[in-house]
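Report on one structure; see the data block that follows.
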Amino acid sequence: MGKTIVITGAGSGFGALAARALARSGHTVYAAMRNTTGRNAGRVAEAEAYAAEHHVDLRTVELDVLSQESVDAAVNTVLAEAGSLDVVIHNAGHMVTGPTEAFTPEELVAVYDTNVLGTQRVNRAVLPHLRAQRHGLVLWIGSTSTRGGTPPYLAPYFAAKAAMDSLAVSYAAELARFNIETSIVVPGSFTSGTNHFATGGNPSEQTVVPAYEARYAGLMDQVSERLAALAPADADVSQVADAIVEVVDTPHGSRPFRVHVDPANDGSEEVSEVADRIRAEFLTRIGLDDLLAPHAVGQVAQGSALSAAEAALMTEWPDRLSNAS
């Protein structure tokens with residue numbers, strides 16, 4: 001049975017590819033992006049044309065992860081149109097490149113705002129609904145940089161993705177007893193097929209850059225070339241979209257916690273296996289191993305009845321969203 005899915009940052013790259021692949025798999029997909037009537041109007045038209053050509057349920061919705069008001073309004077739209085929401089995919093992200101010292105603290109905050117706080121805004125809008133219905137999937141698009149090999153000049157982005165991964169791991173345990181499942185899809189470096197490098201930002205203050213350029217001349221070009229050389233000839237960014245579809249289509253309760261799609265094989269998968277095993281062992285040691293998989297505690301203890309608080313929340317949810325928007 002098809003699910004209703006919201007995927008953030010779906011104007012291009014992983015997001016756009018995943019939105020189309022999920023729609024082809026039979027789901028109702030909301031490709032969320034900002035500036036749908038302005039800068040991204042062309043991408044909205046492309047999504048509409050794709051849906052018509054392939055006879056799939058691919059829709060777009062205005063959503064800026066930097067604005068809680070925008071996020072709340074987007075979720076309101078989805079629930080009003082589709083009547084339900086089953087899966088949220090945290091994909092929106094922004095990359096910056098350059099010597100770490102050259103970035104101001106405010107510029108690092110901006111990267112964190114998109115890649116980390118954006119997911120929190122979306123969760124705060126979506127999770128009350130998923131908790132009330134006692135079912136759902138939160139799927140995070142991470143990065144092998146969190147635990148794998150990391151080239152220089154990408155520190156703000158890497159730090160933000162690591163923070164997002166840590167947030168995802170904590171959320172997984174906190175949502176398990178609401179029967180909400182967590183999966184983390186971890187792409188490696190794809191040097192073509194996305195706009196990460198083309199649309200990436202740079203430090204606004206250039207006073208420090210010459211000193212680094214004198215010692216590290218052409219470093220970013222060298223990194224891109226060497227990463228491309230590591231990737232096998234058949235590496236294709238669509239592999240990430242395929243992995244997302246496979247996770248979503250896997251039966252609830254048996255989805256993998258983490259899936260790597262890493263053509264360059266930077267070592268992240270090996271390190272993650274150890275880290276995730278230790279997490280599972282630690283939760284088991286302290287008697288919280290039930291947090292390793294989604295389940296509904298209330299349904300086990302009290303049948304399928306909702307608690308009074310959850311029933312009230314389910315009733316009030318449309319009004320809360322209308323007021324928020």
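It should be emphasised that the depicted structure is a prediction, and the values quoted were computed from it without experimental measurement.
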Hey, what do you get for [atom1] ([X]) to [atom2] ([Y]), rounding to the nearest 0.5 Å?
{"X": "Leu79", "Y": "Thr4", "atom1": "CG", "atom2": "OG1", "answer": "9.0 Å"}
{"X": "His135", "Y": "Asn179", "atom1": "NE2", "atom2": "CG", "answer": "5.5 Å"}
{"X": "Leu22", "Y": "Ile5", "atom1": "CG", "atom2": "CD1", "answer": "4.5 Å"}
{"X": "Leu127", "Y": "Asn123", "atom1": "CG", "atom2": "CG", "answer": "4.5 Å"}
{"X": "Thr97", "Y": "Phe103", "atom1": "OG1", "atom2": "CZ", "answer": "6.0 Å"}
{"X": "Leu66", "Y": "Gln68", "atom1": "CG", "atom2": "CD", "answer": "11.5 Å"}

Electrostatic pair [X]-[Y], nearest N-O below 4.0 angstrom:
{"X": "Asp165", "Y": "Arg258", "answer": "yes"}
{"X": "Glu273", "Y": "Arg277", "answer": "no"}
{"X": "Arg59", "Y": "Glu81", "answer": "yes"}
{"X": "Arg121", "Y": "Asp113", "answer": "yes"}

Would Arg24 count as a cation-pi partner of Tyr50, with NZ or CZ less than 6.0 Å from the six-membered ring centre and within 45° of the ring normal?
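Checked: cation-pi criterion not met.
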
I'd like to know whether Val185 forms a side-chain contact (heavy atoms from CB on, under 4.5 Å) with Val247, so could you lay out the CA-CA distance, the side-chain angles of the two residues, the decisive distance to 0.1 Å, and finally the verdict.
CA-CA 9 Å; Val185 172; Val247 169; 4.2 Å; yes

Within the structure provided, determine whether [X] and [Y] are in side-chain contact (heavy-atom separation under 4.5 Å).
{"X": "His27", "Y": "Asp249", "result": "yes"}
{"X": "Ser12", "Y": "Arg43", "result": "yes"}
{"X": "Val186", "Y": "Val259", "result": "no"}
{"X": "Pro294", "Y": "Leu175", "result": "no"}
{"X": "Phe257", "Y": "Ile184", "result": "yes"}
{"X": "Arg279", "Y": "Leu292", "result": "yes"}
{"X": "Arg131", "Y": "His129", "result": "no"}
{"X": "Phe178", "Y": "Leu130", "result": "no"}

Would Glu181 and Val138 satisfy side-chain contact (heavy atoms from CB on, under 4.5 Å), going step by step from the backbone distance to the final call?
CA-CA 6 Å; Glu181 195 161 18; Val138 182; over 6 Å; no

Give a yes or no answer on whether the side chain of [X] reaches the backbone of [Y] with a donor-acceptor pair at less than 3.5 Å.
{"X": "Thr114", "Y": "Val111", "answer": "no"}
{"X": "Gln222", "Y": "Ala217", "answer": "yes"}
{"X": "Arg147", "Y": "Ser272", "answer": "no"}
{"X": "Thr119", "Y": "Val116", "answer": "yes"}
{"X": "Asp289", "Y": "Ala280", "answer": "no"}
{"X": "Lys161", "Y": "Ile141", "answer": "yes"}
{"X": "Ser25", "Y": "Ala21", "answer": "no"}
{"X": "Asn91", "Y": "Thr8", "answer": "yes"}
{"X": "Glu213", "Y": "Gly218", "answer": "yes"}
{"X": "Ser254", "Y": "Pro251", "answer": "yes"}

So which atom in [X] and which in [Y] form the shortest heavy-atom distance, rounded to 0.1 Å?
{"X": "Pro203", "Y": "Ala102", "answer": "CB-O, 3.5 Å"}
{"X": "Leu58", "Y": "Ala23", "answer": "CB-CB, 4.0 Å"}
{"X": "Lys3", "Y": "Val87", "answer": "CD-CG2, 3.9 Å"}
{"X": "Thr182", "Y": "Ala172", "answer": "OG1-CA, 3.3 Å"}
{"X": "Leu219", "Y": "Pro152", "answer": "CD2-CG, 3.6 Å"}
{"X": "Ala293", "Y": "Ala176", "answer": "O-CB, 3.5 Å"}

Quick one: do Met33 and Leu139 end up in the same hydrophobic cluster if we chain Ile, Leu, Val, Met, Phe, Trp and Tyr together by side-chain heavy atoms under 4.5 Å apart?
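No, Met33 and Leu139 fall in different hydrophobic clusters.
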
Please check if Val96 and Val208 belong to a single hydrophobic cluster, counting links between Ile, Leu, Val, Met, Phe, Trp and Tyr side chain heavy atoms closer than 4.5 Å.
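No, Val96 does not connect to Val208 through the hydrophobic network.
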
Distance-only polar pair, side chains of [X] and [Y], donor-acceptor under 3.5 Å:
{"X": "Tyr171", "Y": "Gln120", "value": "yes"}
{"X": "Asp262", "Y": "Thr144", "value": "no"}
{"X": "Ser204", "Y": "Glu107", "value": "yes"}
{"X": "Tyr212", "Y": "Glu101", "value": "yes"}
{"X": "Asp57", "Y": "Thr28", "value": "yes"}
{"X": "Ser268", "Y": "Asp266", "value": "no"}

Step by step, work out the side-chain contact (heavy atoms from CB on, under 4.5 Å) result for Thr146 and Phe158.
CA-CA 7 Å; Thr146 297; Phe158 288 166; over 6 Å; no

Go through it in stages, so that I can follow the logic: the residues are Arg34 and Leu63, the test is side-chain contact (heavy atoms from CB on, under 4.5 Å), and I'd like the CA-CA distance, side-chain angles, deciding distance and then a yes or no.
CA-CA 5 Å; Arg34 57 184 178 177; Leu63 190 156; over 6 Å; no

